[in-house]
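Notes to accompany the following structure.
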Amino acid sequence: MPPTAPTVVVVDDDISVRESLELLIRNEGWQPELFESAQEFLERLPSVTPSCLILDVNLPDLSGLDIQERIGDGKPSMPIIFITGYGDIPTSVRAMKAGAAEFLTKPLDDEILIQAVRDAVIRSQANLKREGAQRELQERLESLTKREREVMNLVVKGLMNKQVGYQLDISEITVKAHRGRVMEKMQATTFVDMVNMAGRLGISTQAEKTR
């Protein structure tokens with residue numbers, strides 16, 4: 001099994017369910033990880049490969065919904081497929097509203113489950129790619145000097161070089177030099193690129209109102 005194979009995590013206290021799902025997962029070329037309790041799963045290290053979680057709603061220590069609430073945004077790259085032998089509409093609605101990828105009832109249909117996992121893995125791959133791009137962008141931002149950050153914060157608000165220089169008490173030529181280094185370090189090819197990057201980093205791009 002290559003290390004980059006998607007990981008499918010199963011949390012179910014029924015050993016027969018875990019064993020049958022393990023075989024199904026391996027047959028599809030995915031890497032299974034099996035847990036019989038919520039606590040065991042919660043102690044698991046985060047996955048750096050595309051993954052999804054097949055989670056029983058009714059567990060002896062914590063319910064599947066409790067686990068979903070606990071991990072929250074902490075594992076956005078691990079979509080959840082809920083499985084249950086006692087499904088009801090309010091529970092399924094709550095799970096789906098909280099972001100579950102699917103809600104299936106036992107006995108499970110293999111083809112439906114496999115397709116649900118495929119869809120979840122694709123979603124996980126997209127999330128991991130987005131998270132990686134965001135981390136890289138943050139690293140670029142952290143490579144800027146304090147002055148370069150100040151120049152960037154003002155430039156993305158639409159201020160001209162002369163205005164930036166006035167606010168920072170530096171010459172227009174110096175502003176141009178800092179601006180060039182900002183563009184280079186942030187790997188922005190255009191001003192619009194830099195503004196978009198600032199938005200993704202939570203930097204305000206709105207011009208300050210003058211009284």
Side-chain angles (χ1 to χ4, degrees), residues 1-139 200:
M1 180 72 65
T4 55
T7 299
V8 181
V9 181
V10 178
V11 184
D12 196 306
D13 61 325
D14 187 333
I15 188 171
S16 64
V17 171
R18 294 198 306 274
E19 289 178 344
S20 63
L21 288 178
E22 179 181 19
L23 180 60
L24 188 67
I25 291 165
R26 288 194 186 279
N27 285 343
E28 291 299 316
W30 299 317
Q31 177 65 47
E33 288 189 17
L34 311 175
F35 302 92
E36 66 173 321
S37 71
Q39 192 58 42
E40 283 183 349
F41 164 69
L42 292 173
E43 292 172 357
R44 171 187 183 274
L45 293 175
S47 175
V48 293
T49 60
S51 59
C52 79
L53 170 60
I54 299 176
L55 179 60
D56 188 15
V57 173
N58 301 289
L59 293 167
D61 46 355
L62 285 173
S63 75
L65 294 175
D66 289 333
I67 295 176
Q68 182 185 35
E69 185 176 346
R70 283 200 180 193
I71 64 178
D73 295 332
K75 293 184 175 69
S77 58
M78 182 182 283
I80 300 175
I81 298 171
F82 278 105
I83 58 174
T84 181
Y86 313 97
D88 61 79
I89 293 177
T91 300
S92 62
V93 169
R94 177 182 166 188
M96 299 304 286
K97 280 187 174 182
E102 190 58 88
F103 194 99
L104 305 175
T105 55
K106 301 175 183 178
L108 300 169
D109 182 294
D110 288 355
E111 288 303 315
I112 292 177
L113 177 62
I114 288 170
Q115 187 57 54
V117 172
R118 285 176 182 155
D119 293 341
V121 166
I122 291 173
R123 180 171 160 183
S124 175
Q125 289 171 330
N127 286 340
L128 283 172
K129 184 177 181 180
R130 185 165 50 249
E131 290 169 8
Q134 188 66 23
R135 282 195 301 271
E136 182 180 341
L137 193 58
Q138 185 64 43
E139 289 171 1
R200 288 166 56 191

- [ ] Check whether any side-chain heavy atom of Phe35 lies under 4.5 Å from a side-chain heavy atom of Val9, and answer yes or no.
- [x] yes
- [ ] For Thr7 and Glu33, work out which heavy atoms get closest and say how close.
- [x] CG2-OE2, 3.6 Å
Task: Side-chain touch Val11/Arg44, heavy atoms, less than 4.5 angstrom - done: no
- [ ] Drop me the distance from Leu24's CG to Glu19's CD, to the nearest 0.5 angstrom.
- [x] 13.5 Å
TODO: Nearest 0.5 Å please: distance from the CG atom of Asp61 over to the CD atom of Gln39.
DONE: 7.0 Å
Task: Side chain proximity check, Val117 to Ile81, heavy atoms < 4.5 angstrom - done: yes
- [ ] Could you check Leu55, Leu108, Thr105 and say which one makes a side chain to side chain contact (heavy atoms under 4.5 Å, CB included) with Ile83?
- [x] Leu108
TODO: Name all residues meeting the salt bridge (Lys or Arg N to Asp or Glu O under 4.0 Å) criterion together with Glu40; count only those two or more places apart in sequence or in a different chain, and write none if there are none.
DONE: none
Task: Cationic N near anionic O, under 4.0 Å, Glu139 to Arg135 - done: no
Open item on the list: A side-chain contact here means heavy atoms from C-beta on lying under 4.5 Å apart; do Ile54 and Leu21 qualify?
Closed with: yes
Open item on the list: Do Ile114 and Trp30 have side chains that approach each other closer than 4.5 Å (heavy atoms only, starting at C-beta)?
Closed with: yes
Open item on the list: For a 4.5 angstrom cut-off between non-hydrogen side-chain atoms, does Val10 reach Pro32?
Closed with: no
Task: Interatomic spacing from CZ in Arg94 to CD in Gln68 - rounded to 0.5 Å - done: 8.0 Å
Open item on the list: Before you tell me yes or no, could you show the steps for Leu62 and Arg70 under side chain to side chain contact (heavy atoms under 4.5 Å, CB included), namely the whole-Å CA-CA distance, both residues' side-chain angles and the distance that decides it to 0.1 Å?
Closed with: CA-CA 10 Å; Leu62 285 173; Arg70 283 200 180 193; 3.7 Å; yes
Task: Ile89 to Ser92 - nearest heavy-atom pair and separation - done: O-OG, 2.8 Å
TODO: State the CG-CG distance between Asn58 and Asp13, to the nearest 0.5 angstrom.
DONE: 8.5 Å
Open item on the list: Using 0.5 Å steps for rounding, measure from the CD1 atom of Ile122 to the CG atom of Asn127.
Closed with: 12.0 Å
Task: Option from Ile80, Asp119, Val8 for which side chain to side chain contact (heavy atoms under 4.5 Å, CB included) with Cys52 holds - done: Val8
Task: Taking every non-hydrogen atom, the tightest pair across Ala5 and Thr49 - done: O-OG1, 4.0 Å
- [ ] Taking the side chain as every heavy atom from C-beta outward, state whether Ile71 and Phe41 have any pair of such atoms under 4.5 Å apart.
- [x] yes
Task: Minimum-distance pair of heavy atoms, taken over all atoms of Ser124 and Pro79 - done: CB-CD, 3.8 Å
Under 3.5 Å, side-chain donor or acceptor atoms of residues 95-104 against the rest of the protein: list the pairs with distances, not counting sequence neighbours.
none

- [ ] Measure the spacing between CG of Leu42 and CD1 of Ile67 and express it to the nearest 0.5 Å.
- [x] 5.5 Å
